[in-house]
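Report on the structure given below.
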Amino acid sequence: DSEKPWTLADFQIGRPLGKGKFGRVYLAREVKSKFIVALKVIFKEQIEKYKIHHQLRREMEIQTSLSHPNILGLYGWFHDDERIFLILEYADGGELYGLLKKNGHLSEKQAATYIASLSQALAYCHGKCVIHRDIKPENLLLDHEGRLKIADFGWSVQSSNKRKTMCGTLDYLAPEMVEHRDHDYAVDNWTLGVLCYEFLYGHPPFEAESQKDTFKRILKIDLTFPTAPNVSAEAKNLISQLLVKDPSKRLSIDKIMQHPWIVKNADPKGVCLS
Ligand SMILES: COc1ccc(/C=N/Nc2[nH]nc(C)c2C(=O)Nc2cccc(NC(C)=O)c2)cc1
């Protein structure tokens, strides 16, 4: 029954799936139902040390409230003296990042399919006043059919204007976040442009040696398209309409869904292994 709290005894722990920022993730099976899940273990001392208590609570509240085929499910959670356990949906394809690094870059059909899936997931989130703010390949998982799942809502906000402290890669930051200006849902639209570029070229558009140079390139919208790999004009057109400095001028999510490149290349079932 849903009232009885989960405990570790309800699960058989399998192989470690990988290490996240603040904890490890294990394959696990719920003993009674034999249902396979991913169990994310976070040590309470890490939460104290990094003062991420509120961020973790927000992640859990937000992810539990969301239910969408392209958003990784958070089924529940429990804790013991020293650890917190998140019971998460298991996506056996692992990080999209791995696919991108293995292939160097994705095909236009794959890229368009994933951008369409992300757009649908973000439209759903924005409809529930949630801004993710941290969509990057490491936070994107694939299920057994190659369907994209947005994971790790650690940095998402319930549409307040909380500052995002600078950690991890900055390639995905929108100009208004780099300038610590107020930001809204349009930061996720910017990120779709960065991701679309990275899916097609294998590296983000404003990559630079130093963080300072990345900031400068973002603020200048220093966007160039390499000649290789060859990318269609429609794809470049979509990217150019998203990587726009003025948030109000970025292509809206429903306009993304109607863009010729998406209409022509995205697999409507969100599954694309070609
Ligand atoms: C190392 O090769 C791997 C291949 C597939 C996986 C699958 N992970 N699937 C997940 N489902 N739900 C969650 C949460 C996860 C998860 O966190 N995976 C995870 C965590 C940290 C690193 C990685 N690394 C990779 C390569 O996927 C995956 C994990 C590792």
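Residue numbers count from 1 along this sequence. Indexing begins at 1, ligand by ligand and atom by atom, following the structure's order.
Taking every non-hydrogen atom of Leu72 and a distance limit under 4.0 Å, the qualifying atoms of ligand 1 come out as 12 (N), 14 (C). With ligand atoms numbered from 1 in the order given, ligand 1 contributes 21 (C), 22 (C) to contacts under 4.0 Å with heavy atoms of Gly18. With ligand atoms numbered from 1 in the order given, ligand 1 contributes 11 (N), 12 (N), 13 (C), 14 (C) to contacts under 4.0 Å with heavy atoms of Ala38.
Using cut-offs of 30° and 60° for the angle between ring planes, the His203 and Tyr197 rings count as perpendicular.
Among residues at least two apart or in separate chains, salt bridge (charged side-chain N to carboxylate O under 4.0 Å, His left out) pairs with a member in residues 216-226 are Asp213-Lys216, Arg217-Asp222.
One distance of note links CG of Leu251 with CG of Leu192; it measures 10.0 Å at 0.5 Å rounding. Going from atom CD of Gln241 over to atom CH2 of Trp261 covers 13.0 Å, rounded to the nearest 0.5 Å.
Ligand 1 has an N or O atom lying under 3.5 Å from an N or O atom of Ala91, backbone or side chain. Ligand 1 has no N or O atom lying under 3.5 Å from any N or O atom of Arg15, backbone or side chain. Between Glu89 and ligand 1, at least one N/O pair is under 3.5 Å apart.
Counting only N and O atoms by type, the side chains of Gln55 and Tyr50 include no donor and acceptor under 3.5 Å apart.
Scanning Leu39, Val25, Leu17 for the heavy atom closest to atom 28 (C) of ligand 1 points to Leu17. For atom 22 (C) of ligand 1, the nearest non-hydrogen atom from the set Lys101, Glu95, Lys149 comes from Glu95.
A salt bridge between Lys19 and Glu95 is absent, with no side-chain N of the basic residue lying under 4.0 Å from a carboxylate O of the acidic one.
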